[in-house]
Protein chains: 2
Amino acid sequence: MSIVKTPARAPRARRSPEAARENILAAAERLLTEKGPQALKLTDVAAAAGIAHATVLHHFGSIADVQTALMERMIRQLVAQILAEGAVAADPQGRVGQGARVLFDAFGDRGAARLAAWLELTGESRRLTMAREAVREVIANRLAPEGVDPAVAEDMVLVSVILAMGVGLFGRSLSELMGRPPDTARGLALDLLRRLLPAEGA
Amino acid sequence: MSIVKTPARAPRARRSPEAARENILAAAERLLTEKGPQALKLTDVAAAAGIAHATVLHHFGSIADVQTALMERMIRQLVAQILAEGAVAADPQGRVGQGARVLFDAFGDRGAARLAAWLELTGESRRLTMAREAVREVIANRLAPEGVDPAVAEDMVLVSVILAMGVGLFGRSLSELMGRPPDTARGLALDLLRRLLPAEGA
DNA sequence: GCTCTTATCAACAAAAATGTCAATAGTGAA
DNA sequence: TTCACTATTGACATTTTTGTTGATAAGAGC
């Protein structure tokens, strides 16, 4: 009669549903920023989260729902980051420069820019609805400079956001591609906005 | 005894290897611009090209090779488009404005900007090598303004390219997201460069 | 302790995507 | 016309990815 020693097994972790979802989404976000959207496979996300893939399905229903939840989470984080910046400068020019820096910071960490690109490439209307609301909220609460013609202010915000996303997504690669330090593009773009936007408001 | 009428069947097309590859890549490019990189599945590409998926494999070996070939084809097209522009203006400012417009045109059709984002998101070194050479070629042959400090010129090119890619990728969506005509961002960005770059060269 | 809920997981099943192969059929050359 | 070459294809096979199910176990409440 053989005596089989029960293999030592790590005790099964049991999280609250909220913690479990958070753990999964955090792992998914890591995968997204490190390997790109195509790496968000059910099995890979589960492995990155250290759980069985069935558990992922238990909490989200499908891998598509995981992706949607991740998008929404990242959009919320991005909005929060932009809105959480400190006191605002009094003069319009100061506000503009500050707003630009906030934008570049928000899209500076690779995740946010990649999120935007992912949204653009896949472009599903359901997800874009939330993005639209986020844009509205940020513009209304944080970026709209006072003392400037609203139409002009909108133009400034629009081009600033696009530049920030472009730098966030392509800045490092292109800088290095041209043999420059990785944050070269970021500095140049900030200079561009700092020097031009006040003139536009005048 | 049943008489089975042979079903009418379209005669089997037989292309030259070059034409077959071209047909497949054209279909893949359509898929990429319309549905995004994640739509480049073997079966879907074959269906879009109107052939059996085995034929795709016969010509390319694997779906990954199709994707690589498509990237290289699109990079070549992009470089050709940028280099093919007409006579260049004599003065540095004119050259700069012209170069910017060429860039915005090249990244204006959705495909090129999506290609760049795709490259960035997936980021494989093998593919990036070709992108690097393309960037070098374009800068050397077309975009480098004469009569300007080379270091400054490089800065101008770098920020211009990033802005052009940002506008190409996000411009339409963001413009409409803010309730403006779809080419609003493009116009604003061109204005931005037109007004700033000559000043930087001075 | 006991029970009840349910987060967790292994095993299985289904679907999707990719790849293999032998047969078929255009096409140019002999 | 005949033949050799090979682009093309349907059928099959393999791998990858996703989803299902029943059993297990962690923890909360009693």
Side-chain angles (χ1 to χ4, degrees), chain A residues 4-28 30-32 34-71 118 121-122 124, chain B residues 4-28 30-32 34-71 118 121-122 124:
Chain A
V4 178
K5 188 203 284 191
T6 303
R9 179 193 300 261
R12 183 190 282 185
R14 184 189 175 102
R15 297 173 233 254
S16 71
E18 302 76 35
R21 289 174 59 99
E22 166 62 28
N23 174 48
I24 292 166
L25 290 180
R30 238 176 296 135
L31 276 184
L32 173 66
E34 289 170 7
K35 316 224 178 194
Q38 79 285 356
L40 289 181
K41 308 290 186 187
L42 176 58
T43 307
D44 297 343
V45 170
I51 59 179
H53 78 271
T55 305
V56 175
L57 293 175
H58 172 74
H59 286 289
F60 287 93
S62 76
I63 184 61
D65 287 343
V66 173
Q67 295 168 349
T68 299
L70 176 60
M71 284 188 183
W118 182 25
L121 288 178
T122 60
E124 298 182 16
Chain B
V4 177
K5 188 204 285 189
T6 303
R9 180 191 301 260
R12 185 190 280 186
R14 184 190 176 101
R15 298 172 230 256
S16 71
E18 303 77 32
R21 288 174 60 97
E22 166 61 28
N23 174 48
I24 292 167
L25 291 180
R30 238 177 296 136
L31 275 183
L32 172 67
E34 288 171 8
K35 314 223 181 197
Q38 78 285 353
L40 289 181
K41 307 292 184 187
L42 175 60
T43 308
D44 296 344
V45 170
I51 60 180
H53 77 269
T55 305
V56 175
L57 293 175
H58 171 74
H59 287 289
F60 287 94
S62 75
I63 184 62
D65 287 342
V66 174
Q67 294 168 352
T68 299
L70 175 60
M71 283 187 183
W118 183 24
L121 288 179
T122 60
E124 297 180 16

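Chain identifiers are assigned alphabetically (A, B, ...) following the order of the sequence lines, protein sequences preceding nucleic acid strands; residue numbering begins at 1 within each chain. When reading the values below, keep in mind they use all heavy atoms of this one structure, side chains included, and skip hydrogens, waters and symmetry mates.
A/R12 contributes a side-chain N or O that forms a donor-acceptor pair with the base of C/dT8 under 3.5 Å. Not a single donor-acceptor pair, N or O on each side, falls under 3.5 Å between the base of D/dT8 and the side chain of B/R15.
At distances below 3.5 Å, not a single donor-acceptor pair connects side-chain atoms of B/E18 with backbone N or O atoms of B/R15.
In this model, the phosphate group of C/dC9 is approached by a side-chain N or O of A/T55 to a distance below 4.0 Å at OP1 or OP2. Side-chain N/O atoms of B/H53 include none lying less than 4.0 angstrom from OP1 or OP2 on D/dT8.
A heavy-atom distance below 4.5 Å is found between the side chains of B/I24 and B/H59. Considering only heavy atoms from C-beta on, B/F60 stays 4.5 Å or farther from B/L70 through its side chain. Using a 4.5 Å cut-off on side-chain heavy atoms (C-beta onward), A/T122 and A/M71 make contact.
D/dT15 atom C1' lies 13 Å from atom NZ of A/K41, rounded to whole Å. Atom P of nucleotide D/dT18 and atom CD of A/Q38 are separated by 12 Å, given to the nearest angstrom. Distance, A/F60 CZ to D/dT18 C1': 16 Å, rounded to whole Å. Rounded to an integer number of Å, the gap from CG of B/D44 to C1' of C/dG19 is 16 Å. Look at NE2 on A/H58: it is 13 Å from C1' on D/dA26, rounded to the nearest Å. As rounded to whole Å, 14 Å separates atom C1' of D/dT18 from atom CG of A/L40. Regarding B/H59, its NE2 atom lies at a distance of 9 Å from the C1' atom of D/dT6, rounded to whole Å. Here D/dT15 presents its C1' atom at 13 Å from CG of B/L42, a figure rounded to the nearest Å.
Within 4.0 Å (heavy atoms only), B/A20 reaches sugar-phosphate atoms of the nucleic acid but no base atom. Backbone-only engagement by B/S62 is indicated by non-hydrogen atom pairs under 4.0 Å involving sugar-phosphate atoms exclusively.
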**Study point:** Verdict with reasoning, A/L42 to A/V66, per side-chain contact (heavy atoms from CB on, under 4.5 Å)
**Key:** CA-CA 9 Å; A/L42 176 58; A/V66 173; 5.8 Å; no
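The side chain of A/R14 sits closest to C/dT6 out of C/dT6, C/dA25, C/dC9. Each of D/dT8, C/dC9, D/dT9 was ranked by its minimum atom distance to the side chain of A/I51; first place goes to C/dC9. Among the nucleotides D/dT18, C/dT20, C/dA10, the one closest to any side-chain atom of A/I63 is D/dT18.
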